[in-house]
Amino acid sequence: MQKSMINLRKVLSFTMLISALAITFGASQVANAEGGTNDLAPVDVVEVNGLIDEIVVRDIEQAIERAEASTSQAVILQVNSLGGVVSKTRMEALFNKIIDSKIPIAVWVGPTTARAYGSAAQLLAVADVSAMADGTRIGKTGKLLTTSAGEVSFGDASATLRTTTVNSKEAKRLGALKLTTDDEGVPVLRNMLLAMNGLSIKGQVLRTVVEVKSDSGDELIREAATTRFFKLGLIERLLHTAASPPVTFLLVIIGLALLIFEFFTAGIGIAGVVGAVCVVLGSHGLATLPLRGASLAVIIVSMLLMSIDVQVGIPRFFTGAGLVLLALGSLTLFRSSDGGEIRLSWLTFISGMIAISLAFVVGMPSMVRTRFATPTIGREWMIGSTGRAVGTINPLGIVQIHDAQWRARTNRSTPIQDGQELRVAAIDGVTLEVEPLEGAARDYREMRKPKSE
């Protein structure tokens with residue numbers, strides 16, 4: 001059985017190693033093209049999803065440099081973000097990169113239900129072309145940043161967008177968009193390309209649409225330029241995902257729980273490895289996101305409190321106190337980004353609390369009781385042996401039996417003083433149950449026995 005467990009661990013460790021190597025040496029970017037004709041220069045599309053962190057900022061800058069060095073005629077940033085978590089200086093550097101680019105930079109908030117708040121919304125003001133899909137909203141810009149061209153401005157809409165949000169129709173009416181169409185919004189990317197056709201930006205005229213004859217030759221068909229989609233590489237995508245609030249929260253609490261679980265088991269296994277990976281990824285998220293240090297400390301203390309009851313194998317006061325502190329720390333863990341307050345969804349919060357509750361109330365205590373209730377094969381000879389206490393035993397301590405020290409627990413709650421002689425009454429796993437040679441408390445069942453016995 002032990003050999004099988006060792007082999008299983010080796011197989012799982014090897015599998016995890018191969019997976020890590022595949023991620024490390026995998027493609028750094030994934031690009032694909034859609035539609036288009038060969039006689040039009042391509043348009044690069046870069047997805048900006050989630051909070052804008054250092055990884056996303058660097059990806060946008062690399063996309064601009066890549067497009068300038070290739071045959072691309074423009075770059076479209078497809079934005080769906082609730083704000084930025086990088087410094088003001090770093091975001092202003094990105095804005096200057098967009099303003100000073102040699103090719104046109106467009107921002108499209110989409111698809112439907114997408115949002116652009118905080119510094120993500122300010123991207124629309126610094127871009128050469130900006131548009132929104134129906135159902136999207138922009139706003140909550142906060143204090144507008146300053147660039148080489150002056151303060152970021154939405155014109156007359158700046159004051160409105162600072163504290164509130166607007167939909168595509170309202171943004172068009174306020175003059176917050178740089179690309180207007182007869183419709184209320186730009187529903188898909190193809191419509192974005194159609195609307196950009198013929199615009200003169202930075203000394204060049206965009207040709208994003210061409211009319212070609214149908215196969216029958218009876219009508220003209222409008223075809224859009226080829227769009228090349230670029231996404232984050234595998235490692236960057238993993239780190240960016242880990243830096244989202246719900247994922248960071250779950251990684252941290254699950255990782256800590258797995259490490260505690262591994263602490264109470266013999267040896268180092270898969271739980272410890274997975275827990276360590278979760279904590280490392282969660283730490284990246286904690287370092288990226290705006291958080292309250294006091295709340296993080298409360299979460300760590302809550303885990304330590306719950307581990308006290310895991311030691312005794314029975315959920316008691318410390319488990320309840322730990323769960324209360326965990327809830328308080330989780331709900332106040334994150335501070336606001338530049339797009340507004342960051343809150344865990346109720347689904348994420350409840351899922352995390354249920355998982356931790358089951359682990360510390362049911363799973364770990366059962367594991368500890370099972371571990372310390374292992375058969376005592378090979379140690380039965382010790383029952384009845386005598387020795388002495390190494391320090392006070394009340395109720396736990398150390399005893400010396402035949403020149404070897406063992407973990408011990410007093411039998412029938414009889415305290416034993418340092419150096420006092422004792423006898424081994426029973427064995428519970430790796431713990432010896434001991435009693436003094438004289439003056440040991442009697443079991444209530446023995447006290448009820450008739451005198452005749």
Side-chain angles (χ1 to χ4, degrees), residues 45-54 56-57 59-61 63-64 75-99 101 104-180 184-187 189 192 240 244-245 289-290 335-343:
V45 179
V46 180
E47 294 183 358
V48 182
N49 290 323
L51 294 171
I52 299 178
D53 55 12
E54 179 61 31
V56 174
V57 170
D59 185 53
I60 295 174
E61 292 176 338
I64 295 174
V75 174
I76 298 177
L77 304 180
Q78 181 178 330
V79 177
N80 182 14
S81 172
L82 298 181
V85 291
V86 296
S87 66
K88 172 184 174 183
T89 303
R90 188 69 181 93
M91 188 59 70
E92 289 176 345
L94 173 62
F95 287 176
N96 288 327
K97 182 81 172 179
I98 293 174
I99 294 172
S101 66
I105 307 296
V107 172
W108 176 63
V109 182
T112 302
T113 72
R115 300 290 183 264
Y117 296 157
S119 54
Q122 296 186 44
L123 282 171
L124 281 78
V126 299
D128 301 300
V129 182
S130 58
M132 299 169 59
D134 298 333
T136 60
R137 299 190 73 86
I138 63 171
K140 294 182 181 179
T141 60
K143 185 177 180 181
L144 297 174
L145 302 180
T146 302
T147 66
S148 58
E151 185 179 76
V152 175
S153 175
F154 286 92
D156 296 336
S158 296
T160 302
L161 294 176
R162 179 166 296 186
T163 56
T164 60
T165 65
V166 297
N167 58 29
S168 59
K169 185 177 181 179
E170 293 167 335
K172 177 182 176 182
R173 178 179 58 81
L174 293 171
L177 303 178
K178 297 181 180 179
L179 180 60
T180 58
E184 292 184 3
V186 179
L189 270 174
M192 185 75 174
H240 179 58
S244 62
L289 298 171
R335 294 185 287 107
S336 300
S337 68
D338 61 22
E341 186 176 358
I342 299 177
R343 292 182 179 179

**OP:** Decide side-chain contact (heavy atoms from CB on, under 4.5 Å) for L123 and F95; before the verdict, give the C-alpha distance in whole Å, the side-chain angles of both, and the deciding distance to 0.1 Å.
**Re:** CA-CA 7 Å; L123 282 171; F95 287 176; 3.6 Å; yes
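- Across all non-hydrogen atoms, the minimal contact from V126 to K178 is C-NZ, 4.1 Å.
- To the nearest 0.5 angstrom, R335 atom CZ is 10.0 Å from L289 atom CG.
- For the salt bridge (Lys or Arg N to Asp or Glu O under 4.0 Å) condition, no pair includes a residue of residues 79-89, sequence neighbours left out.
- For Q122 (side chain) and V152 (main-chain N/O), no donor-acceptor pair under 3.5 Å exists by modelled atom type.
- Looking only at side-chain heavy atoms (C-beta outward), P104 and V129 stay at 4.5 Å or farther from each other.
- To the nearest 0.5 Å, atoms CD1 (I99) and OG1 (T147) are separated by 3.5 Å.
- Note that the CG atom of L145 and the OG1 atom of T89 stand 9.5 Å from one another [nearest 0.5 Å].
- Between P245 and L51 the shortest side-chain heavy-atom distance falls below 4.5 Å.
- T160 has its side chain out of reach of F154: every pair of non-hydrogen atoms, C-beta onward, lies at least 4.5 Å apart.
- Remark: S336 OG to R343 CZ distance equals 8.5 Å, nearest 0.5 Å.
- Side-chain N or O atoms of N96 include one that pairs as donor or acceptor with a backbone N or O of S148 at under 3.5 Å.
- Residue A133 comes nearest to T112 through the heavy atom pair CB-N, 4.3 Å, listed as atom of the first residue, atom of the second, then distance.
- Between W108 and M132, the closest heavy-atom pair is NE1-C, 4.1 Å.
- Contact detail for K172 and L177: the closest heavy-atom pair is N-CD1, 4.2 Å.
- With rounding to the nearest 0.5 Å, the separation of CD1 in I60 from CD1 in I64 is 7.0 Å.
- Between the OG atom in S119 and the CG atom in L82 there is a gap of 10.5 Å [rounded to 0.5 Å].
- Nearest approach of I138 to L161, heavy atoms of both residues: O-CD2, 4.0 Å.
- Shown here are the salt bridge (Lys or Arg N to Asp or Glu O under 4.0 Å) partners of K140, two or more places apart in sequence or in another chain: there are none.
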Subject >> M91 and I52: CA distance, side-chain angles, deciding distance, side-chain contact (heavy atoms from CB on, under 4.5 Å) verdict >> reply: CA-CA 9 Å; M91 188 59 70; I52 299 178; 3.8 Å; yes
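- Side-chain atoms of R115 come within 3.5 Å of backbone N or O of T113 as a donor-acceptor pair.
- The heavy-atom pair separating G110 from N80 by the smallest distance is O-CB, 4.3 Å.
- For R90, the salt bridge (Lys or Arg N to Asp or Glu O under 4.0 Å) partners at least two apart in sequence or on another chain are E54, E61.
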